[in-house]
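Report on the following structure.
Both backbone and side-chain heavy atoms feed into the values below; hydrogens, waters and symmetry mates do not.
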Amino acid sequence: MGIKGLQGFVATVCPDVCRMVDLREIAEKHRIDHPDFPPVIVVDAMSCVRYWYTPESWVCGGQWREYLAILEDFIKAFMAAGIKLVFYFDGVVEEKKRDEWIKRRFQNNKEIARIFQFIKTHRKQPGRGMFVVPSALPTFTRFALKSLGQKTVCTLQEADFEVAAYGLEHNCIGILGQDSDYLIYNTCPYFSIEKLRLDRLVTLMYSREHLCHALGLSLTHLPLFACLLGNDVVPERLLEGFWHKCLVTSPHKNNSYSRRANVILAVANYISKVPCSYSSLEHLKEVLPLGSDMTLLYRGVQSYLLPGQRSPWIPPNVTNCQTFSLQEQTAMCQDKEILQVAKEQHIRSENYTIFNILSSGETECSNSLEDERDTEIPGQALIYRPARQHIYSVLLESGKGGAYPLVKEWFVYFGNPLQQPELIQPVQPSVPGGTPDLKTLWFAKGPDVEKQRYSTFLACFHLQDGMEELQALEAPVAAFCCLLAYLMMQVIQTVAFSSAVSPDRCGGLIKLDSRAVHLGAVFVRGLTTLLLANSACGFPFRMDDLMPWEMFDGKLFQEKYQQSHRGCSLEGLLEGNESLYAPFHNLKSFICKACTAKKRTIQSRPRGDGFITGTQQREFNPRFQQTHRSSFVPPYHNQMRGFLWRNPQPQGKKY
């Protein structure tokens with residue numbers, strides 16, 4: 001996640017560390033020097049997605065076909081220069097970085113709250129200065145790049161380590177990203193995605209050697225330098241006293257620089273006078289208030305050592321504790337064949353989250369563009385929890401042998417303090433004939449097994465009775481139907497998602513409705529739940545059929561949502577396209593039938609031109625109509641009881 005302020009320091013204090021380079025020229029030189037090996041750039045995709053997403057609309061759920069075209073153009077630009085790209089995505093949040101992950105989630109919550117307040121005040125999208133990526137953008141970017149024929153890797157540990165290791169091992173011409181940790185790793189050159197001019201293939205290249213020269217350090221100093229500035233292993237709060245001592249004795253203090261810039265210079269000055277030996281590290285441990293964990297500096301330095309590298313700061317007999325990966329833990333799934341297949345699919349970006357659950361029993365979901373003040377819609381994490389509980393059951397085969405393992409969830413939603421993971425109980429789905437075991441779902445062949453895969457997938461969304469009707473539909477439409485019916489049955493009483501199934505047409509954007517922004521995020525997160533179920537059930541659908549560009553456009557959804565709430569006729573909603581009438585009525589009929597079967601009443605509550613003002617706080621209230629009280633009770637119904645929300649009202653309705 002980088003060293004705070006280091007790239008800004010480079011830009012302002014020692015700009016000679018970076019220079020503009022022509023990637024075509026670098027690629028051509030590589031071809032001359034290594035004629036048998038094509039030039040390769042390894043891409044830290046997680047640090048690039050915010051720069052890739054440039055479509056006009058970003059708050060409404062994403063303009064996915066436009067985004068797909070942007071990615072395609074990006075790839076073509078490098079292909080034209082004969083440069084191969086390899087894309088890396090974070091596949092896990094390491095335990096040592098969980099606190100930082102949580103801290104960033106709460107920061108994101110504040111940013112999202114400001115966005116919704118802006119929308120309610122101005123009825124329009126904020127400027128790029130408030131930009132946040134559309135919900136689930138990294139997930140779908142991974143599948144988009146794979147669908148475009150690119151090598152896409154999902155990591156088993158923190159992505160920056162695997163990116164740096166790949167770049168070194170495969171003699172790549174560089175790393176493309178935006179993370180100051182790449183200034184620390186002793187690997188191939190580091191290129192900036194932020195400064196990339198795609199039309200000319202020029203960007204900034206950062207030089208570690210020049211950084212060392214500017215700071216009076218050597219390359220072997222850099223890992224310790226990063227640790228003493230504070231990183232994901234050594235917290236900044238432990239270093240304030242040390243920084244103060246360094247500042248007092250530093251000859252480089254400059255009042256025109258920021259405090260952080262002066263701290264960087266002072267720490268570099270201190271390290272430059274320390275002999276490169278592990279006895280020096282022992283002395284540093286005495287100077288720093290590291291508390292009971294005296295291994296912090298060792299672990300911090302080791303976190304930057306790539307395979308085959310050693311450091312003079314680390315004694316030869318110290319075991320390298322950098323390698324942390326899911327497969328090294330005691331796996332929740334004891335079937336080695338299943339676990340190996342899940343791992344291979346994970347690395348090749350072919351499944352979604354399955355390996356994390358089977359290996360560590362832990363999973364997470366970052367922020368979504370949800371309005372914490374909208375009291376009528378629970379967070380998407382809660383909406384899709386019942387489906388996830390069924391999926392966990394399919395994966396972990398609960399009830400077979402009497403074992404019911406709990407899954408640890410780190411899901412961001414309003415009211416979740418993220419102080420510890422929520423322990424989620426798997427719940428067996430109602431699969432006709434019983435839930436097949438994973439070996440059957442994953443490895444068996446034949447029409448009967450294909451039917452089992454499909455019915456198990458549907459049962460995760462309580463739609464097993466609609467199998468015949470859904471199989472008659474095109475796969476993306478059937479998937480869309482599953483998701484919308486599930487949403488209707490769970491919580492949402494009146495939405496206009498059915499209009500969003502034709503993403504080719506995007507009209508001029510009208511004034512924004514904050515509820516539609518929220519619902520767009522809920523829908524897109526639902527698509528990731530479909531990916532999870534599909535991966536668990538042995539892929540009854542092609543993953544490509546579950547992608548947002550096949551069924552959803554946020555800008556179009558916003559327009560149709562508002563039209564429907566203003567009482568627009570069906571002809572108006574479908575823009576007079578008679579070919580859409582029959583499909584529309586068929587989908588509506590299926591969804592209504594599914595809801596009726598679960599005693600779920602869909603009510604029409606037009607909002608007109610009104611919108612949520614945001615003057616009220618979200619309170620602890622059921623948010624469900626009395627019609628929810630039936631044999632079909634959302635499994636998170638009781639899990640939410642007793643949860644502490646802001647401004648709770650004990651006199652309110654109870655479940």
Side-chain angles (χ1 to χ4, degrees), residues 57-62 105-106 108-126 130 132 134-136 365-385 411-416 483-484 486-497 500 510-526 554 557-562 564-566 602-625 628 634 636-637 640 643-649 652-653 655:
S57 173
W58 50 270
V59 296
C60 298
R105 301 293 73 77
F106 283 120
N108 292 158
N109 278 343
K110 293 177 181 178
E111 294 168 5
I112 290 169
R114 287 194 291 269
I115 288 169
F116 273 101
Q117 191 54 54
F118 183 95
I119 292 170
K120 292 168 188 176
T121 302
H122 302 285
R123 302 296 302 276
K124 65 179 182 180
Q125 176 176 278
M130 295 178 71
V132 297
S135 301
C365 181
S366 186
N367 308 77
S368 302
L369 207 58
E370 298 179 300
D371 183 6
E372 66 179 33
R373 294 177 182 266
D374 189 337
T375 61
E376 295 184 309
I377 306 178
Q380 63 84 20
L382 297 176
I383 291 173
Y384 296 114
R385 180 175 289 173
F411 276 57
V412 179
Y413 61 87
F414 178 77
N416 185 1
L483 184 50
L484 186 53
Y486 176 85
L487 285 169
M488 292 294 192
M489 291 188 292
Q490 284 297 112
V491 63
I492 297 172
Q493 295 180 336
T494 171
V495 293
F497 281 125
I510 51 182
K511 290 183 178 180
L512 292 187
D513 184 291
S514 62
R515 169 68 63 79
V517 170
H518 187 147
L519 289 175
V522 168
F523 182 83
V524 171
R525 283 295 185 192
F557 169 61
Q558 176 80 214
E559 179 183 333
K560 296 302 178 183
Y561 178 89
Q562 294 194 43
S564 65
H565 279 283
R566 289 198 302 268
I602 302 176
Q603 300 173 336
S604 177
R605 294 189 304 172
R607 283 157 56 84
D609 249 350
F611 59 97
I612 298 169
T613 61
T615 57
Q616 74 275 21
Q617 286 277 25
R618 181 190 283 274
E619 299 170 352
F620 179 60
N621 63 61
R623 298 183 304 282
F624 296 101
Q625 296 288 333
H628 296 195
Y636 59 83
H637 190 78
M640 292 175 64
F643 202 90
L644 296 177
W645 300 77
R646 298 181 202 166
N647 302 328
Q649 292 187 346
K653 294 180 182 179
Y655 289 115

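Here the closest heavy-atom approach between residue P126 and residue W58 is recorded as O-CZ2, 3.6 Å. Residues E370 and I112 approach most closely at O-CG2, 3.5 Å, considering heavy atoms. Nearest approach of F116 to L369, heavy atoms of both residues: CZ-O, 3.4 Å. When every heavy atom of A136 is checked against every heavy atom of V524, the shortest pair comes out as CB-CG1, 4.0 Å. Across all their heavy atoms, Q125 and V59 have their closest contact at OE1-N, 3.3 Å. Closest non-hydrogen pair, G379 versus Y413, comes out as CA-CB, 4.4 Å.
For the atom pair NE2 of H518 and CD1 of I119, the computed distance is 12.0 Å after rounding to the nearest 0.5 Å. Note that the CZ atom of F411 and the CD atom of Q380 stand 7.0 Å from one another [nearest 0.5 Å]. To the nearest 0.5 Å, the span separating NZ on K511 from CG on D513 amounts to 12.5 Å. With values rounded to the nearest 0.5 angstrom, S514 atom OG is found 9.5 Å from Q117 atom CD. Expressed to the nearest 0.5 Å, how far CZ of F414 lies from OG1 of T375 amounts to 11.0 Å. If you take CZ on F557 and CG on L519, they are separated by 5.0 Å, rounding to the nearest 0.5 Å.
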- [ ] List the steps and the verdict of side-chain contact (heavy atoms from CB on, under 4.5 Å) for R114 and M130.
- [x] CA-CA 8 Å; R114 287 194 291 269; M130 295 178 71; 3.9 Å; yes
Open item on the list: Apply side-chain contact (heavy atoms from CB on, under 4.5 Å) to residues N108 and V412 and explain how you reach the verdict.
Closed with: CA-CA 10 Å; N108 292 158; V412 179; over 6 Å; no
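Between the N367 side chain and the R105 main chain, a donor and an acceptor come within less than 3.5 Å of each other. Proximity of a side-chain donor or acceptor of Y486 to a complementary backbone N or O of I383 within less than 3.5 Å is detected. A donor-acceptor pair is defined here as one N or O able to donate and one able to accept, closer than 3.5 Å; such a pair exists between the side chain of Y384 and the backbone of V522.
Put simply, the residue from H565, Q558, E559, K560 that forms a side chain to side chain donor-acceptor pair (under 3.5 Å) with Q562 is Q558.
Defined by atom type and a distance below 3.5 Å, a donor-acceptor pair is present between the side-chain atoms of S368 and R525.
A salt bridge between K120 and D371 is present, with a side-chain N of the basic residue lying under 4.0 Å from a carboxylate O of the acidic one.
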